Amino acid sequence: MDADVTLVLPDGAEKVVPTGTLPADVVRSIGERLLLAAVAVSIDGEVQDLMTPLRKGGAFRVLTERDAESLPVLRHSAAHVLATAVRRLRPDAKIGFGPAIDDGFYYDFEVTSPFTPDDIAAFEAEMRRVTQEKYPFVRAEVDLPEARVRFADDPLKLERLDDFTDPAEIISTYTDGPFVDLCRGPHVTDTGRLKHFKLLSSAAAYWRGDEKRQMLQRIYGTAFFKKDELEQHLFRIEEAKKRDHRRLGKELDLFMLHPYAPGATFWTERGTTLYNLLVDFVRERQQRNFAEIKTPLLYNKALWEQSGHWGKYKENMFLVLDNESGEHEFSLKPMNCPSHYLMYLAKKHSYRELPKRFVTFDVLHRNEVTGALSGLTRVRQFAQDDCHVFLREDQITEEVKFLTDFILGYYESFGLSATLKFATRPEQRVGDDAMWDRAEQSLRAALESTGRSYELKEGDGAFYGPKIDFDVTDSLGRAWQLGTIQLDYANPERFDLTYTGEDNATHRPVVIHRAVSGSFERFIAILIEHFAGAFPTWLAPEQVRVLPISLDQAAVAAAIVERMVAAGIRASLDDRNETLKYRVAEGARMKVPYMCVIGRREADADQVAVNTRGAGEGQKPAPVAVEDFIARVIAETKTRALSLTAGA
RNA sequence: GCUGACGUAGCUCAAUUGGCAGAGCACCUGAUUUGUAAUCAGGCGGUUGCGAGUUCGAUUCUCGCCGUCAGCUCCA
């Protein structure tokens, strides 16, 4: 082993120090003040703390509070501070893991009785004390027997120690004041670095994520370097609650759920309008290159045995009792794929027809476990904008590009952007390795030919093939998995799908499974939250509300509504015996894009005074000729404009 | 499915240690006919999720079931 390591500083200068030198000493040699500002260092992009001896050289950067890589270090330390506080107040608590996560950190504890909200508040107060006591994080490297002695009272840590099978692997502990944890690091220098944090919730979690193991109590929290960043984060959480589709779905009268049909949606008149508009939109986009079909909802189990679902997916299927046989021989379909194969099999196909794209909006049922159900994002009954492409192997690249553009273009029309994830073979799968090699290789090559960047999700593919997932980020920065492109060599084999090639011989097509919205239910949930219920005009269930000021204008207003409706606008009349103020307030609450007020002046001039959603209270509505207003709303609807313009 | 919390009028929420179940909004009726973010008055509305148990008495305590929520597991 080389006795020295070479560090390359950002300015290109090289620094050679003995192996085992602490980064803190290197930073001090650059500058005392830098040491005070330093949170950690980065060596060839790998973050390490100031008290971990240098073992290799490379590009050396000092990370301060301004560097994004520093935040997980702070949060990981916050988790230790939490554990320190919990151990002080609840010495019986056994410690599990406490990592930094995307929005903060958590720590798992094994306790005999779960934490209460009061406990959480007490822990947070105790954490405050631990930070004020400014304990340094002290790193120690120990051997396995020593580690076993040190964590003799912590069964979860002992189990973790069993994983250390490579004697060369370094086992380290971090100590802050009274608390010692088995931990790889990195950490901030002392508990005093943690200033702006908050505990958010506690819930149970399986030890090591395994549902067969015991449940631990997990406490979630978040931490930031700056106070305003913490406040902004907490504000975003509050905003997210206001946008919650379950809340807005009720307030805007879009849908309801009922205990008699758990996991299934009752769409109200408004919600159904919205739903149908989305289906229409997808239909319109799929008019040219796709073939829409409808297939049965209920199938004999023979189909599921052939598809492999009976073995792998039966738990999630709703079985239907056959009265004659007294057996559960039928099942509601949980996906459309097999029915599309049956349609494909009904005819002989020429290579000239391919790619052949079947699309279906049929209702699907999946018997999700009760605990998984959640609003519209996780339901038992839903519909996908499902597509199965039958194609020749040499068409994969072009098809993947076509579908990727199709999907991303769809999201763009809502102002949503997506990140791509490439998912490879899972543990539970059908087909041999040769098939998977081939499928992964061709899908990956196709993905790369699109020139778009993507992340790798190892082992996350479908059981019949690798896939590209499209994770959409909403206006609050939260990611949702919606669209998918899945390459399938297995099912063409199982269902003996064929086409006749140019050579007049029989060939095996490849199948691509594609969804864009994921499900309409989930997509609508995301749209509700993305737009905070303020849908663009083309999607708004009620586009225009007409308000006559008094009874004198009621007839004129009704006639104007008629003209709007005749022109294709979803307009309604509110001539209730209420004050104008009241009706304007309600229209605003319902997030109607345009409210047209009609008083004597407007009635005489065939005009409307247009209130535009979002222009705020006390806006000065400009009078617009009725015909002009109608034309503007129609244009806005046709172009599917994302922002309101007709009122301007 | 697992852990925990919760379930009161259509909605949002109240109801001392177990002692007559309330308010605002919505809805209905009347007055008012309104020029831009909730006009006034009156009224209707409940087997407190369902079912047992303890008790003189249960919204309140106990148990079971159903549902919802936060997570975990799973997932479009």
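Quick caveat: nothing in here was measured; it's all calculated off a predicted structure. To find a chain, count down the sequence lines: A is the first, B the second, and so on, and within it residues start at 1.
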*May I ask you to evaluate whether Y220(A) reaches the phosphate of C72(B), defined as a side-chain N or O under 4.0 Å from OP1 or OP2?*
yes

*Expressed as a whole number of Å, how far does the C1' atom of U54(B) sit from that of C11(B)?*
35 Å

*Expressed in whole Å, how much space separates the C1' atoms belonging to G49(B) and A23(B)?*
22 Å

*Under 3.5 Å, is there a donor-acceptor pair between the side chain of T268(A) and the main chain of L254(A)?*
yes

*Identify the residue among R545(A), Q607(A), M564(A) that makes a side-chain contact (heavy atoms from CB on, under 4.5 Å) with C596(A).*
M564(A)

*Shortest side-chain distance from A204(A), nucleotide among A37(B), A76(B), U3(B)*: U3(B)

*asked:* Would you measure the distance from the C1' atom in G7(B) across to the matching atom in A76(B) and give it in whole Å?
replied: 29 Å

*State whether T579(A) places a side-chain N or O below 4.0 Å from either non-bridging phosphate oxygen (OP1 or OP2) of U39(B).*
yes

*Could R357(A) and F290(A) be counted as a cation-pi pair, given that NZ or CZ must be under 6.0 Å from the ring centre and within 45° of the axis?*
yes

*asked:* Base of A37(B), side chain of R583(A) - is there a donor-acceptor contact under 3.5 Å?
replied: no

*Looking only at side-chain N and O atoms, does Y582(A) come under 4.0 Å of OP1 or OP2 in A26(B)?*
yes

*Looking across every strand, which nucleic acid part, if any, lies under 4.0 Å from A515(A) by heavy atom: base, sugar-phosphate, or nothing?*
nothing

Interface polar pairs with nucleotides 8-15 of chain B, N/O, under 3.5 angstrom:
| unit_1 | atom_1 | unit_2 | atom_2 | d |
| --- | --- | --- | --- | --- |
| U12(B) | OP1 | K250(A) | NZ | 3.3 |

*Would you say the side chains of T222(A) and D103(A) form a donor-acceptor pair under 3.5 Å?*
no

*asked:* Nearest to the R378(A) side chain among C74(B), U36(B), A76(B), which nucleotide is it?
replied: C74(B)

*Are D244(A) and K250(A) close enough for a salt bridge, meaning some N to O gap below 4.0 Å?*
no

*Taking the nucleotide of RNA chain B with the closest heavy atom to each, which residue, D552(A) or R246(A), is nearer the 5' end?*
D552(A)

*Between S201(A) and A70(B), does any side-chain N or O lie under 4.0 Å from OP1 or OP2?*
no

*Exercise: do Q486(A) and Y464(A) side chains pair donor with acceptor under 3.5 Å*: yes

*Using the C1' atom in both, what is the distance from U48(B) to G10(B), to the nearest Å?*
16 Å

*Expressed as a whole number of Å, how far does the C1' atom of C28(B) sit from that of C20(B)?*
27 Å

*Ring-ring centroid check W267(A) F520(A), cutoff 6.0 Å*: no

_Cation-pi, F463(A) ring and R429(A) (6.0 angstrom, 45 degrees)_ = no

*What integer number of Å spans the P atoms of U8(B) and U60(B)?*
13 Å

*Roughly, in whole Å, what's the span from CG in D244(A) to P in U68(B)?*
14 Å

*How does RNA chain B look in dot-bracket form if you count Watson-Crick and G-U pairs under 3.5 Å, write [ ] for pairs that cross, and put | where a base pairs with another strand?*
(((((((..((((.....[..)))).(((((.......))))).....(((((..]....))))))))))))....

*Could you tell me the separation between the CD1 atom of I120(A) and the C1' atom of A70(B), rounded to a whole number of Å?*
12 Å

*asked:* Suppose you measure atom P in G64(B) against the same atom in G22(B); what distance do you get, rounded to whole Å?
replied: 32 Å

_Between T424(A) and K467(A), is there a side-chain donor-acceptor contact under 3.5 Å, judged purely by atom types and distance?_
no

*Just wondering, more than 12 heavy atoms not from R213(A) lying within 6.0 Å of its CZ?*
yes

*asked:* Can you check the distance between A26(B) and C65(B), where both ends of the measurement are the P atom (answer in whole Å)?
replied: 41 Å

